[in-house]
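Chain letters run A, B, ... following the sequence lines, proteins first and then strands; every chain starts at 1. Computation of the quantities below employed the complete heavy-atom set of this structure, encompassing side-chain atoms and omitting hydrogens, waters and symmetry-equivalent molecules.
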There are 2 protein chains.
Amino acid sequence: MMDTLLTKKDFTIVDTSSLVDKVEASLVQLLQERKLKVGDAIPKEIELGETLGVSRTVIREALSRLRMMGLIETKKKKGAVITSPDLFGIMGKSMNPHILSQETLKEIFEIRLVLEIGMADLLFRRITLEDIEELKAIVSNEPPATQYHLFNIEHEIAFHGKLYEITGNETMKKFQKMLLPVFDYVHNSGLLKKQPLLKTFLSHKGLVDILENGSPEAFRNGMRDHLENHFARLFE
Amino acid sequence: MMDTLLTKKDFTIVDTSSLVDKVEASLVQLLQERKLKVGDAIPKEIELGETLGVSRTVIREALSRLRMMGLIETKKKKGAVITSPDLFGIMGKSMNPHILSQETLKEIFEIRLVLEIGMADLLFRRITLEDIEELKAIVSNEPPATQYHLFNIEHEIAFHGKLYEITGNETMKKFQKMLLPVFDYVHNSGLLKKQPLLKTFLSHKGLVDILENGSPEAFRNGMRDHLENHFARLFE
DNA sequence: GATTTGTATTATGTATGACATAATAAAGGT
DNA sequence: ACCTTTATTATGTCATACATAATACAAATC
């Protein structure tokens, strides 16, 4: 037998994607290129099937995906119309800590830290007196910080969640909400090194003080300090 | 006719979701609750149809959605196995600037700023000498900053994209890549107020200097300054 | 006997036809 | 004009059949 030493490069890669995949891509492209606005209707399933030369089954599966992504909404008799999708609503379904790779989980955890440090300017721009009062109420209910506290998740979420709310950025808030189960998981699983030193750094109360009297710059540094334990765990 | 003054609260909300929606939710829940690991197989379509009491058509549409989300992969004869999803790959398809609401676009733009300011610690932790050299090469090719530059998008992407790369956070990098068309759109469309003052703030070169000799804190402040024009446009 | 080749099996992929259901339009009655 | 009924239309669901690809196992070749 001749050893022809053929390599992958010698072949033209065959397209292994299914018809549904192609139709889906075709439809998404349709939405992207034609400047279709929200509310515009798209052709009926049967018409699509005829123009694309596939059965209604395939069309329906592809449309089902678009529907799940929130790109379209369908009503009987009326057909399908384009809608403004909820970016993170979809992603929430696949945000399953048990399935995501450890590397991805770690990265998501990092992103949280990045967001909370970087959000300072949004906070100072949009915070109200009521917000500050609410934050004060939250920290006042806080259990005293003990040296070996496995910190109170409830309070963590209440405080940091409120910060996301103050930014006024709904997209970011949804993002945070979606990530909550991940944080929970990362904390509990031994994914990160055990809490290394657990020195108590700048407290929630300290952060509120900065929000009341300080500057974005001061808040960034304060938050960085507040999150030091997390950073230390990430960086081994 | 009696005006009974009935309100929504008086009715039990009818479930308007389709069978496919329910099956999809049921399957997602299955993946979440059972601690199914990557690689585990799920029942065959026909079995699922029998246990859930629906036709194979419905099962297939639901599975098609999971497949699109990257939660499962299916192969003929073998069936479906659980996979680790690409979180942002899916979202990219619905990231269509023409369809997203103006408010969402603005918020996404904000998130970019937040990320780039907050990423300082990751940068300093992971940057290498080669990275610095590469950044220097990028800025050296930069056209001189003119007062009225409608800044060079190419260079913006090259420089800031490299920063995301340096973070070593693949998830964040994917996020950035996904957002590129949005930035392009936001810049071009009149969504944000016209460039207000266009003073030249801290340059790319200045940021590289900080990365080489400075601290995370200095970088955060530097990046904040660098992005001042964007902030100004966001905050009217 | 080990490797290859053919063949059967099995589960997904696609197509088609049928009917149910809901939303809309049209027609009809008062 | 207003309300009701009827017809129409497009999606939602089901059932069935066949195509296709992956796998396992038997058969053939050396």
Side-chain angles (χ1 to χ4, degrees), chain A residues 1-6 11-27 30-31 36 39-83, chain B residues 1-4 11-27 30-31 36 39-83:
Chain A
M1 168 186 298
M2 308 197 308
D3 198 339
T4 48
L5 286 176
L6 286 177
F11 297 88
T12 56
I13 309 298
V14 297
D15 182 12
T16 173
S17 66
S18 72
L19 273 180
V20 177
D21 293 329
K22 291 175 189 136
V23 170
E24 179 206 333
S26 174
L27 290 175
L30 178 77
L31 301 197
L36 294 180
D40 290 354
I42 63 178
K44 314 306 171 193
E45 293 177 351
I46 297 184
E47 299 175 36
L48 284 173
E50 284 168 356
T51 54
L52 294 180
V54 297
S55 75
R56 192 176 155 226
T57 310
V58 172
I59 297 290
R60 279 191 57 78
E61 271 197 40
L63 287 178
S64 176
R65 294 181 178 182
L66 299 199
R67 198 166 12 205
M68 189 212 53
M69 289 192 283
L71 287 176
I72 61 172
E73 273 180 7
T74 56
K75 283 193 174 175
K76 301 192 181 185
K77 164 88 177 181
K78 260 194 92 174
V81 298
I82 298 179
T83 58
Chain B
M1 168 182 300
M2 310 196 308
D3 197 338
T4 48
F11 296 88
T12 56
I13 309 298
V14 297
D15 183 9
T16 173
S17 65
S18 71
L19 273 182
V20 177
D21 293 328
K22 289 174 190 139
V23 171
E24 179 205 334
S26 174
L27 290 176
L30 178 76
L31 301 198
L36 294 180
D40 289 355
I42 64 179
K44 313 307 169 193
E45 293 177 350
I46 297 184
E47 299 175 37
L48 283 173
E50 284 168 357
T51 54
L52 294 180
V54 297
S55 75
R56 192 176 154 227
T57 309
V58 172
I59 297 289
R60 278 192 58 77
E61 272 197 39
L63 286 178
S64 176
R65 294 181 177 183
L66 299 199
R67 202 169 328 151
M68 189 212 54
M69 290 191 280
L71 287 176
I72 61 172
E73 274 180 5
T74 56
K75 285 193 173 175
K76 302 195 178 183
K77 164 86 178 185
K78 261 193 91 174
V81 297
I82 299 179
T83 59

Roughly how far, to the nearest 0.5 Å, is [atom2] of [Y] from [atom1] of [X]?
X       : Y       : atom1 : atom2 : result
A/Leu63 : A/Glu24 : CG    : CD    : 10.5 Å
A/Arg56 : A/Ile59 : CZ    : CD1   : 10.5 Å
B/Ile82 : B/Leu31 : CD1   : CG    : 4.5 Å
A/Thr74 : A/Leu66 : OG1   : CG    : 10.5 Å
B/Asp21 : A/Arg67 : CG    : CZ    : 7.5 Å
B/Arg60 : B/Ile46 : CZ    : CD1   : 11.0 Å

Whether the side chain of A/Lys44 engages the backbone of A/Ala80 through a donor-acceptor N/O pair (distance < 3.5 Å, no angle test) should be reported.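 It does not hold such a pair.
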
Checking B/Arg65 side chain against A/Ser64 main chain: does a donor-acceptor pair fall under 3.5 Å?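 Checking the backbone N and O of A/Ser64 against the side chain of B/Arg65, a donor-acceptor pair under 3.5 Å is found.
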
Nucleotide range of DNA chain D lying under 4.0 Å from chain B heavy atoms: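 Going 5' to 3' along DNA chain D, contacts run D/dT13 to D/dT23.
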
Heavy atoms within less than 4.0 Å of DNA chain C: which residues of residues 54-64 of chain A have one? Give them sorted by number.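 Result for residues 54-64 of chain A: A/Val54, A/Ser55, A/Arg56, A/Thr57, A/Val58, sorted by number.
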
For DNA chain C, what residues of residues 66-83 of chain B have any heavy atom nearer than 4.0 Å?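 Residues of residues 66-83 of chain B under 4.0 Å from DNA chain C: B/Arg67, B/Thr74, B/Lys75, B/Lys76, B/Lys77, B/Gly79.
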
Considering only heavy atoms from C-beta outward, does the side chain of A/Ser26 approach that of A/Leu52 to under 4.5 Å?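 Touching, per the 4.5 Å side-chain cut-off.
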
Assess whether side chain to side chain contact (heavy atoms under 4.5 Å, CB included) is satisfied between B/Ile72 and B/Leu27, documenting all intermediate values. CA-CA 11 Å; B/Ile72 61 172; B/Leu27 290 176; over 6 Å; no

Round to the nearest Å and state the distance from A/Glu50 atom CD to C/dA15 atom C1'.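 Answer to the nearest Å: 14 Å.
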
